[in-house]
Amino acid sequence: MGSANGLATAQGRPPLFSFGLISDVQYADIPDGRSFLGVPRYYRHSILVLQNAVKEWNTHQKHKFVVNFGDIVDGFCPKDQSLNTIKKVVDEFEMFNGPIYHMIGNHCLYNLPRSELLPLLNIRTLDDRAYYDFSPVPEYRFVVLDGYDISAIGWPNDHPKTLEALNFLKEKNPNEDKNSPNGLVGLERRFLMFNGAVGKEQMGWLDGALSEATKLKQNVVVCCHLPLDPGSATPVALLWNFDEVMDLIHRYNCVKVCLAGHNHKGGYSIDSHGVHHRVLEAALECPPGTDAFGYVDVYDDRISLIGTDKMKSTDMHFNPKVTFWNNSVELELEISKLMNEIISAQLVPFL
């Protein structure tokens, strides 16, 4: 936390804007339990984490908005309580003095079909789509993906997207229980029913959004409940077609950061194209007396996540590249890492 704030002070310039974030609240009025891996889950306490977050965000009085990365209620919530529980958590979010941008997660869809869920989350799109974008300042665009666009949960049982998902799982996962990764190896372990995929129509929309952002010279932050890079999360948490999505993203230079939830322990990586991937620690797994939320200071050349307690702070710098021509040989050098080598090699005149 200190390094991020100290850097901003040292450079003498404030952020362009700031926003709050939290993931995987998964509140339910039920006794504490454990995940399938035995990790403790604090169902009743998680709403206190959210309340602490909202209080902190409002105290700062500088955040333009808040992003919720999905799973606001837990799948174990009694189904006769699902609607009221979701409303209760949404009401807590609404205590923030500004806009809230939600995305859906698998636990949300265990409780309500997306046709009922999306209006409660103020996601107002056509045909129950849950992907959208927004631009809080001219320099930035946020692209919110629907990781359950192709999914066996949330759509009606006879919906084409449900049938596509079931056929996909039948092909990829031989287990009778499609939430079991038994026998799946490596990245194959992502082919589970509690994950999903970005469909063709959404891929076309994403291509258009990134093309427009490139023309407008905007930096893009991609948000999705499901992680998009194997270096940032365990394979069982990844989007089914993360590779296709990232291939599309890598065609452009505008995407700087991908933020996600779902993988409760959190994670961080920088992929081969220099895109940062930050998976957020879950509010659900905070014992009483602890928290997991944060806010992000956004600059033209980096974003700095300032975490609270179990959410780790992370500085994510956009490393610019400079191309040099020397004896007709093109060399791409990352300024942040290789400036000393550039100077010692006497390549400075080519800057």
Trainee: Apply the test side chain to side chain contact (heavy atoms under 4.5 Å, CB included) to residues Tyr131 and Glu201: give CA-CA distance (whole Å), side-chain angles for both, the deciding distance (0.1 Å), then the verdict.
Mentor: CA-CA 11 Å; Tyr131 54 90; Glu201 184 178 351; 3.9 Å; yes
Trainee: For Tyr101 and Phe134, I'd like to know if the aromatic rings sit close, meaning centre-to-centre distance below 6.0 Å.
Mentor: yes
Trainee: How close do Ala292 and Ala282 get, counting heavy atoms only, and between which atoms?
Mentor: CB-O, 3.8 Å
Trainee: Has the side chain of Ser304 got a donor or acceptor atom that lies under 3.5 Å from a matching backbone atom of Asp297?
Mentor: no
Trainee: Should we say atom CG of Asp271 is surrounded by more than 12 heavy atoms from elsewhere, each under 6.0 Å from it?
Mentor: yes
Trainee: Just checking Phe65: does its CZ atom have more than 12 heavy atoms from other residues, nucleotides or ligands closer to it than 6.0 angstrom?
Mentor: yes
Trainee: Could Glu281 and Lys265 be called an ion pair, given the rule that one side-chain N must be under 4.0 Å from one carboxylate O?
Mentor: no
Trainee: Taking all non-hydrogen atoms of both residues, which atom of Ala130 and which atom of Thr125 are closest, and how far apart?
Mentor: N-OG1, 4.1 Å
Trainee: Indicate the atoms forming the closest heavy-atom contact of Leu163 with Asp158, along with that distance.
Mentor: CD1-O, 3.9 Å
Trainee: Is there a side-chain contact between Tyr295 and Glu56, using heavy atoms and a 4.5 Å cut-off?
Mentor: no
Trainee: When you measure from the side chain of Asn58 to the backbone of Asn97, do you find a donor-acceptor pair of N or O atoms at a distance under 3.5 Å?
Mentor: yes
Trainee: Verify the cluster assignment for Val66 and Leu280: are they in a single hydrophobic cluster under the rule of side-chain heavy atoms below 4.5 Å apart?
Mentor: yes
Trainee: For side chain to side chain contact (heavy atoms under 4.5 Å, CB included), just list the numbers for Leu112 and Leu120, CA-CA rounded to whole Å, side-chain angles, deciding distance to a tenth of an Å, and then say yes or no.
Mentor: CA-CA 10 Å; Leu112 288 179; Leu120 295 173; 3.7 Å; yes
Trainee: In the structure I gave you, are the side-chain heavy atoms of Lys310 and Pro287 within less than 4.5 Å of one another anywhere?
Mentor: yes
Trainee: When you compare the side chain of Lys161 with that of Asp149, does any pair of heavy atoms fall below 4.5 Å?
Mentor: yes
Trainee: Please assess Ser35 against His264 for the test side chain to side chain contact (heavy atoms under 4.5 Å, CB included), listing each intermediate value before the final yes or no.
Mentor: CA-CA 10 Å; Ser35 71; His264 289 186; over 6 Å; no
Trainee: So, for Glu92 and Val54, which heavy atoms are closest and what is the spacing to 0.1 Å?
Mentor: O-CG2, 3.6 Å
Trainee: Check whether the side chains of Asn175 and Asp177 place a donor and an acceptor atom closer than 3.5 Å, and report yes or no.
Mentor: no
Trainee: Quick check: does any side chain N or O of Ser211 sit under 3.5 Å from a backbone N or O of Asp207, one acting as donor and the other as acceptor?
Mentor: no
Trainee: What about Leu206 and Trp240, same hydrophobic cluster or not, with Ile/Leu/Val/Met/Phe/Trp/Tyr joined at side-chain heavy-atom distances under 4.5 Å?
Mentor: no
Trainee: Could you check whether Asp24 and His107, counting side-chain N and O atoms only, form a donor-acceptor pair closer than 3.5 Å?
Mentor: no
Trainee: Does a side-chain N-to-carboxylate-O contact under 4.0 Å join Arg44 and Asp29?
Mentor: yes
Trainee: Do the side chains of Asp133 and Arg141 get close enough for a salt bridge, i.e. N-O under 4.0 angstrom?
Mentor: yes
Trainee: Taking all heavy atoms of His225 and all of Ala260, pick out the closest pair and write down the distance.
Mentor: O-CB, 4.0 Å
Trainee: Same cluster or not: are Ile303 and Ile270 linked, directly or through other Ile, Leu, Val, Met, Phe, Trp or Tyr residues, by side-chain heavy atoms under 4.5 angstrom apart?
Mentor: yes
Trainee: State yes or no: do Ile153 and Leu121 share one hydrophobic cluster built from I, L, V, M, F, W and Y residues joined by side-chain heavy-atom distances below 4.5 Å, directly or via other members?
Mentor: yes
Trainee: Output yes when a side-chain donor or acceptor of Asn241 lies under 3.5 Å from a complementary backbone atom of Val198, and no otherwise.
Mentor: yes
Trainee: Check the pair Arg129 / Asp146 against side chain to side chain contact (heavy atoms under 4.5 Å, CB included), numbers first and verdict last.
Mentor: CA-CA 7 Å; Arg129 302 169 189 165; Asp146 179 359; 5.5 Å; no
Trainee: NZ of Lys312 to CZ of Arg278: how many Å apart, nearest 0.5 Å?
Mentor: 7.5 Å
Trainee: Relative to each other, are the rings of His102 and Phe93 parallel, tilted or perpendicular (30° and 60° limits)?
Mentor: perpendicular
Trainee: Could you tell me whether the side chain of Gln218 reaches within less than 4.5 Å of the side chain of Cys254, counting heavy atoms only?
Mentor: no
Trainee: Let me check something: do Val221 and Tyr252 share a hydrophobic cluster, defined by ILVMFWY side-chain heavy atoms less than 4.5 Å apart, either directly or through other members?
Mentor: yes
Trainee: Just by distance, with hydrogens left out, do Tyr110 and Asp74 show a side-chain donor and acceptor under 3.5 Å apart?
Mentor: no
Trainee: How about Lys88: does its NZ atom have over 12 heavy atoms from other parts shown lying under 6.0 Å from it?
Mentor: no
Trainee: Hey, does Thr214 have a side-chain heavy atom less than 4.5 Å from the side chain of Asn253?
Mentor: no
Trainee: With side chains defined as the heavy atoms from C-beta onward, is the minimum distance between Asp32 and Pro40 less than 4.5 Å?
Mentor: no
Trainee: Under 4.5 Å between any side-chain heavy atoms of Tyr268 and Met316, yes or no?
Mentor: yes
Trainee: Can a salt bridge be assigned to the pair Arg13 and Asp300 using a cut-off of 4.0 Å between side-chain N and carboxylate O?
Mentor: yes
Trainee: Determine yes or no for a side-chain-to-main-chain donor-acceptor pair under 3.5 angstrom, with His45 supplying the side chain and Cys286 the backbone.
Mentor: yes
Trainee: Indicate the atoms forming the closest heavy-atom contact of Leu228 with Phe242, along with that distance.
Mentor: O-CD1, 3.4 Å
Trainee: Below 4.5 Å, heavy atoms only, C-beta onward: do Leu21 and Met311 meet side chain to side chain?
Mentor: yes
Trainee: Between the side chain of Glu285 and the main-chain N/O of Val39, is any donor-acceptor distance below 3.5 Å?
Mentor: no
Trainee: Backbone N or O of Leu187 within a donor-acceptor pair of the Arg190 side chain at under 3.5 Å?
Mentor: yes
Trainee: For Met193, does its backbone N or O pair with a side-chain atom of Asn179 as donor and acceptor, under 3.5 Å?
Mentor: yes
Trainee: Side chain of His60, backbone of Lys62: donor and acceptor closer than 3.5 Å?
Mentor: no
Trainee: How far does CG of Asn111 sit from CZ of Phe76, to the nearest 0.5 angstrom?
Mentor: 11.5 Å
Trainee: When you measure from the side chain of Glu188 to the backbone of Val185, do you find a donor-acceptor pair of N or O atoms at a distance under 3.5 Å?
Mentor: yes
Trainee: Would you say that more than 12 heavy atoms from the other residues, nucleotides or ligands in this model lie under 6.0 Å from the NZ of Lys79, or not?
Mentor: yes
Trainee: Once you measure the plane-to-plane angle for Tyr140 and Phe318, does it fall in the parallel (<30°), tilted (30-60°) or perpendicular (>60°) bin?
Mentor: tilted
Trainee: Looking only at the side chains, is there a donor atom on one of Asp229 and Ser269 sitting less than 3.5 Å from an acceptor on the other?
Mentor: yes
Trainee: To the nearest 0.5 Å, how far apart are CG in Asn106 and CD in Gln26?
Mentor: 7.0 Å
Trainee: Report yes or no: is the cationic atom of Arg114 (NZ for Lys, CZ for Arg) under 6.0 Å from the centre of the six-membered ring of Trp155, at an angle within 45° of the ring normal?
Mentor: yes
